[in-house]
Amino acid sequence: MISRRSILVTLAVATISGGSWPVSAGSRQRTPIQTFDTDNDGTLDLTEVKRAASALFARLDRDHDGTLDKHELAGRLSPKEFAAADPDHDGTLTLDEYLAVVEQRFNAANPDKDGTLDAKELNTSAGRALLRLLR
Ligand SMILES: [Ca+2]
Ligand SMILES: [Ca+2]
Ligand SMILES: [Ca+2]
């Protein structure tokens with residue numbers, strides 16, 4: 001029998017380990033910028049972000065039909081965001097539709113409009129919302 005106390009402890013550990021960057025699963029200790037900054041300028045531009053998002057899209061598309069449904073997205077978009085991102089209401093997102101959401105979140109995370117996201121911008125709630133579409 002599992003005691004309520006052990007469930008609470010498990011939940012607390014899961015919250016701590018899952019809630020704060022850069023403590024992530026396994027040996028991956030790299031920051032988002034280190035992971036996705038392919039030109040090594042210390043920031044992420046939209047091209048780098050879209051490349052990362054496209055790679056994640058391919059990984060999430062388990063049935064390889066070229067679209068993501070809600071199940072494959074696994075909570076990365078709220079129902080409201082999903083509806084807004086799916087203008088033809090067919091219940092799936094194409095890569096273009098997915099990248100449009102990525103671009104919206106990129107712009108939301110980039111209030112200084114300098115074309116790049118630095119570590120500080122990525123650490124805001126808008127920045128973290130963007131990162132959920134990249135990894
Ligand atoms: Ca860069
Ligand atoms: Ca699919
Ligand atoms: Ca910026």
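Start at 1 and go down the list; that is how both ligands and their atoms are numbered. This one's a predicted model, so the numbers in the text were calculated from it and none came from an experiment.
When the Ca ion (ligand 1) is compared with the N/O/S atoms of D41, atom OD1 turns out nearest. In terms of distance to the Ca ion (ligand 1), the nearest N, O or S atom of D37 is named OD1.
Only protein N, O or S atoms were considered, and those under 3.0 Å from the Ca ion (ligand 2) are D61 OD1, D63 OD1, D65 OD1, T67 O, E72 OE1, E72 OE2. Here the protein contributes N110 OD1, D112 OD1, D114 OD1, T116 O, E121 OE1, E121 OE2 as N, O or S atoms under 3.0 Å from the Ca ion (ligand 3).
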Where do D90 and T92 land on the side-chain hydrogen bond (donor to acceptor under 3.5 Å, both in side chains) test, with the steps shown first? CA-CA 6 Å; D90 68 347; T92 63; 3.2 Å; yes
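Counting only N and O atoms by type, the side chains of D41 and T43 include a donor and acceptor under 3.5 Å apart. Side chains of R51 and T38: a donor on one and an acceptor on the other come within 3.5 Å.
Separation of atoms CD (E103) and CG (L130) is listed at 11.0 Å; rounding is to 0.5 Å. In this structure, CG in L99 is found 9.0 Å from CG in L46, a value given to the nearest 0.5 Å. The line from CG of L133 to CG of L131 is 9.0 Å long, rounded to the nearest 0.5 Å. Distance NZ/K50 to OG1/T47: 8.0 Å, rounded to 0.5 Å.
Tested against L122, the residues I33, T31, L134 include a single side-chain contact (heavy atoms from CB on, under 4.5 Å) partner, I33.
With sequence neighbours excluded, no residue satisfies ring-ring contact (aromatic ring centres under 6.0 Å, His included) with F106. With sequence neighbours excluded, the residues forming a salt bridge (charged side-chain N to carboxylate O under 4.0 Å, His left out) with R105 are E81, listed by chain and number.
Considering the Ca ion (ligand 1) as centre, the angle to OE1 of E48 and to OD1 of D39 is 120° (10° rounding).
Two residues are said to be in side-chain contact when any heavy atoms from C-beta on lie closer than 4.5 Å; L44 and E121 fail this criterion.
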